[in-house]
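Beneath this line is the structure, given in structure tokens, with notes to follow.
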Amino acid sequence: MVLFQGLYRATTRVPAGILGPPKAHRPGRSALVSSPSSPPSPAAALSPADPDWASYKLGVFICLNCSGVHRNFPDISKVKSVRLDFWDDSVVEFMTHNGNLRVKAKYEARVPAFYYIPQASDCLVLKEQWIRAKYERQEFMADGKTISLSGNREGFLWKRGRDNAQFLRRRFVLLSREGLLKYYTKEEGKSPKAVIHIKDLNATFQTEKIGNPHGLQITYRREGHIRNLFVYHESGKEIVDWFNALRAARLQYLKAAFPELPESELVPLITRNYLKQGFMEKTGPKQREPFKKRWFALDPQERRLIYYKNPLDAFDLGQVFLGSQEQGYEASEGLPKDVRGNRWKAGLTIITPERRFLFTCPSEKEQGEWLESFRDVLSRPLTSFNLLTASTESGHGSR
């Protein structure tokens with residue numbers, strides 16, 4: 001056991017040394033890994049602090065989720081269990097002379113700043129394409145081909161209709177220098193159906209909500225509301241390339257808009273995922289109106305709670321800006337004594353300088369998760385970006 005504990009520690013902290021193992025090993029869980037000083041990189045960086053699996057073809061330790069993804073690509077990676085499988089001398093030595101840090105240095109030598117590196121909670125297509133890009137196409141090696149995702153792109157995506165559930169083929173054109181994304185209803189059309197400014201754009205994979213493993217949600221502001229486009233492509237590579245092209249264009253815009261900020265502070269602002277989504281019921285501003293079921297999405301970066309009638313609506317019904325605790329914003333469990341929900345009884349109250357917002361959740365579990373998410377946002381200090389947003393839209397939305 002001690003032997004393999006040292007192996008993982010060595011291959012993640014310092015260049016691996018030489019081990020002299022017995023002919024074959026069937027280690028227990030702690031025999032191969034323990035207390036690493038740096039997490040494996042995805043997949044390897046998707047892994048937890050002490051992974052149960054390893055790719056013995058690549059020489060990296062990986063988490064359970066990533067082991068499943070790696071198994072889908074036997075031409076790239078071969079997986080063994082740290083807990084159950086036998087480990088021969090040659091395999092142990094190979095792991096010793098590679099390891100997460102060395103493999104990361106080789107295959108991630110020049111990952112562009114805009115390129116999205118998936119996390120453990122991300123959807124399968126992002127993980128699959130990251131593994132393919134890194135190990136199969138070897139896009140990020142020092143002597144590899146230059147990535148061409150400059151922020152300009154043109155192609156076709158399947159887009160969900162605004163007023164129906166039908167997906168139709170639409171031509172999209174991304175112009176990074178102009179800071180615009182356009183889409184056309186006709187393949188050779190000259191007049192775009194919509195022109196979207198990159199400064200207002202966000203993109204996030206929402207595969208379960210859209211009902212497609214390659215489903216991408218593109219969001220932007222339009223006349224004071226949030227406009228959602230739901231798109232997909234049959235090819236996982238194509239939709240992830242679109243996602244990263246949008247991120248490249250966003251980073252280019254942010255650099256021009258905030259030249260005084262270092263790139264490291266701009267990268268987290270490129271795109272963002274929702275902190276939490278789901279159904280709750282809410283009442284109106286007088287708090288005597290009936291509670292109505294709505295779909296909510298919490299945007300932690302813009303500090304907005306956005307709500308819709310249905311999850312795939314093109315436009316929001318309203319938004320609630322969430323300031324900071326220092327400004328008098330609060331989130332608490334329960335409802336005022338004189339207010340009762342409709343079907344759901346697990347209540348929540350958000351207090352803003354303008355009014356109270358009252359919600360009910362379908363379960364106490366959901367209530368706890370929403371409360372934790374609200375308090376997370378309220379505990380964060382406001383940035384200059386947040387203050388700019390709050391100056392134009394503060395605690396509104398009553399439908």
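In what follows, residues are counted from 1 in the order of the sequence shown. If you're wondering where the values come from, they're calculated on a predicted model, not measured in any experiment. These numbers come from the heavy atoms of this one structure, side chains and all, not from hydrogens, waters or symmetry mates.
Closest non-hydrogen pair, Ser81 versus Trp87, comes out as O-NE1, 3.3 Å. When all heavy atoms are compared, the tightest approach of Tyr107 to Gln138 is CE2-NE2, 4.1 Å. A pairwise comparison of heavy atoms in Gly59 and Met95 identifies CA-SD, 3.5 Å as the closest pair. Between Phe167 and Arg160, the shortest heavy-atom contact is CD2-N, 3.3 Å. When all heavy atoms are compared, the tightest approach of Phe374 to Ala331 is CB-CB, 3.8 Å. Closest non-hydrogen pair, Ala194 versus Tyr220, comes out as CB-OH, 4.2 Å.
Remark: side-chain polar atoms of Gln119 are paired, donor with acceptor, to backbone N or O of Ile117 under 3.5 angstrom. Between the side chain of Arg132 and the backbone N or O of Arg137 there is no donor-acceptor pair closer than 3.5 Å. Judged purely by atom type and a 3.5 angstrom limit, Lys127 uses its side chain to pair as donor or acceptor with the backbone of Ala120. One N or O on the side chain of Thr283 and one on the backbone of Glu289 form a donor-acceptor pair closer than 3.5 Å. With hydrogens and angles ignored, the 3.5 Å screen pairs a side-chain donor or acceptor of Lys80 with a backbone N or O of Phe86. Looking at Glu372, its side chain never comes within 3.5 Å of a backbone N or O of Glu369 through a donor-acceptor pair. Although no hydrogens or angles enter the test, the distance criterion places no donor-acceptor pair under 3.5 Å between the side chain of Arg250 and the main chain of Asn202. At least one donor-acceptor pair under 3.5 Å links the side chain of His214 to the backbone N or O of His233. Formation of a donor-acceptor pair under 3.5 Å by the Arg303 side chain with backbone atoms of Gly323 is found in this model. A donor-acceptor contact shorter than 3.5 Å links the side chain of Lys57 to the backbone of Asp75.
Leu181 and Ile239 fall within a single hydrophobic cluster, where Ile, Leu, Val, Met, Phe, Trp and Tyr are joined by side-chain heavy atoms under 4.5 Å apart, directly or via other members. Taken together through direct or relayed side-chain contacts under 4.5 Å among Ile, Leu, Val, Met, Phe, Trp and Tyr, Val320 and Val339 form parts of separate hydrophobic clusters. Hydrophobic cluster membership is shared by Leu246 and Val267, with clusters built from Ile, Leu, Val, Met, Phe, Trp and Tyr side chains linked at under 4.5 angstrom. Cluster membership check: Leu275 shares its hydrophobic cluster with Phe296, using side-chain heavy-atom separations under 4.5 Å among Ile, Leu, Val, Met, Phe, Trp and Tyr. Clustering ILVMFWY residues whenever any of their side-chain heavy atoms sit less than 4.5 angstrom apart, transitively, puts Phe205 in the very cluster that holds Leu157.
Judged by distance alone, the side chains of Asn273 and Thr204 do bring a donor and an acceptor atom under 3.5 Å apart. Judged purely by distance below 3.5 Å, without hydrogens or angles, the side chains of Arg356 and Thr349 never pair a donor atom with an acceptor atom. Counted by atom type alone, Thr219 and Asn228 present one or more donor-acceptor pairs between their side chains at under 3.5 Å.
Separating the NZ atom in Lys186 from the CZ atom in Arg171 is a distance of 12.0 Å, to the nearest 0.5 Å. With values rounded to the nearest 0.5 angstrom, Leu168 atom CG is found 9.5 Å from Thr185 atom OG1. Atom CH2 in Trp242 sits 6.0 Å away from atom CG in Leu174 (nearest 0.5 Å). Separation of atoms CD (Gln325) and CZ (Arg380) is listed at 12.0 Å; rounding is to 0.5 Å. Distance check, rounded to the nearest 0.5 Å: NZ of Lys134 to OH of Tyr115 gives 10.5 Å. Here Glu136 contributes atom CD and Ile76 contributes atom CD1; the two are 4.0 Å apart, rounded to the nearest 0.5 Å.
Each of Phe140, Phe243, Tyr135, Tyr116 was checked for a ring-ring contact (aromatic ring centres under 6.0 Å, His included) with Trp130, and the lone residue meeting it is Phe140. With respect to Glu281, the side-chain hydrogen bond (donor to acceptor under 3.5 Å, both in side chains) criterion is satisfied by exactly one of Arg294, Arg343, Lys293, Lys292: Arg343. For the salt bridge (charged side-chain N to carboxylate O under 4.0 Å, His left out) with Asp299, the lone residue among Arg221, Arg304, Arg272 that qualifies is Arg272.
A cation-pi arrangement is absent between Arg170 and Phe172, since the terminal nitrogen or guanidinium carbon is not both under 6.0 Å from the aromatic centre and inside a 45° cone about the axis. Figure legend: Arg227 and Phe315 shown as a cation-pi pair, the cationic atom lying under 6.0 angstrom from the six-membered ring centre and within 45 degrees of its axis. Geometric assessment of Lys199 against the ring of Tyr253 yields a negative cation-pi assignment under the 6.0 Å and 45° thresholds.
Residues Gln129 and Val125 meet the side-chain proximity criterion, which asks for heavy atoms closer than 4.5 Å. For the pair Phe321 and Tyr329, the minimum side-chain heavy-atom distance is below 4.5 Å. The shortest side-chain heavy-atom distance between Tyr183 and Leu229 falls under the 4.5 Å cut-off. Side-chain atoms of Phe279 and Pro311, non-hydrogen and from C-beta on, do get closer than 4.5 Å to each other. At least one side-chain heavy atom of Pro336 sits under 4.5 Å from a side-chain heavy atom of Leu358. The shortest distance between side-chain heavy atoms of Lys182 and Ile196 does not fall below 4.5 Å. No side-chain heavy atom of Tyr274 sits less than 4.5 Å from a side-chain heavy atom of Lys276. Side-chain contact between Tyr308 and Ile226 is present, with heavy atoms from C-beta onward closer than 4.5 Å.
For Arg340, the CZ atom counts as loosely surrounded, since its 6.0 Å shell holds 12 or fewer non-hydrogen atoms of other residues, nucleotides or ligands. For Glu208, the CD atom sits in a loose shell: 12 or fewer heavy atoms of surrounding residues, nucleotides or ligands are nearer than 6.0 Å. With a 6.0 Å radius and a threshold of 12 heavy atoms from other residues, nucleotides or ligands, Glu265 has its CD atom above the threshold. Residue Glu364 qualifies as open at atom CD: its count of foreign heavy atoms under 6.0 Å is 12 or below. Dense packing is recorded around CD of Glu260, with more than 12 heavy atoms of other residues, nucleotides or ligands lying under 6.0 Å away. The number of heavy-atom neighbours closer than 6.0 Å to NZ of Lys209, taken from other residues, nucleotides and ligands shown, is above 12.
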Side chain to side chain contact (heavy atoms under 4.5 Å, CB included) between Phe357 and Thr352: does it pass, once the steps are laid out?
CA-CA 8 Å; Phe357 291 86; Thr352 76; 3.9 Å; yes
Between Glu263 and Leu251, is the side chain to side chain contact (heavy atoms under 4.5 Å, CB included) condition met? List the steps.
CA-CA 9 Å; Glu263 185 176 79; Leu251 181 57; 4.2 Å; yes
Chi angles and distances behind the side chain to side chain contact (heavy atoms under 4.5 Å, CB included) call for Ile198, Gln252:
CA-CA 10 Å; Ile198 293 298; Gln252 185 171 325; over 6 Å; no
So Ile218 and Leu201, side chain to side chain contact (heavy atoms under 4.5 Å, CB included) or not? Walk me through it.
CA-CA 7 Å; Ile218 299 172; Leu201 180 145; 3.9 Å; yes
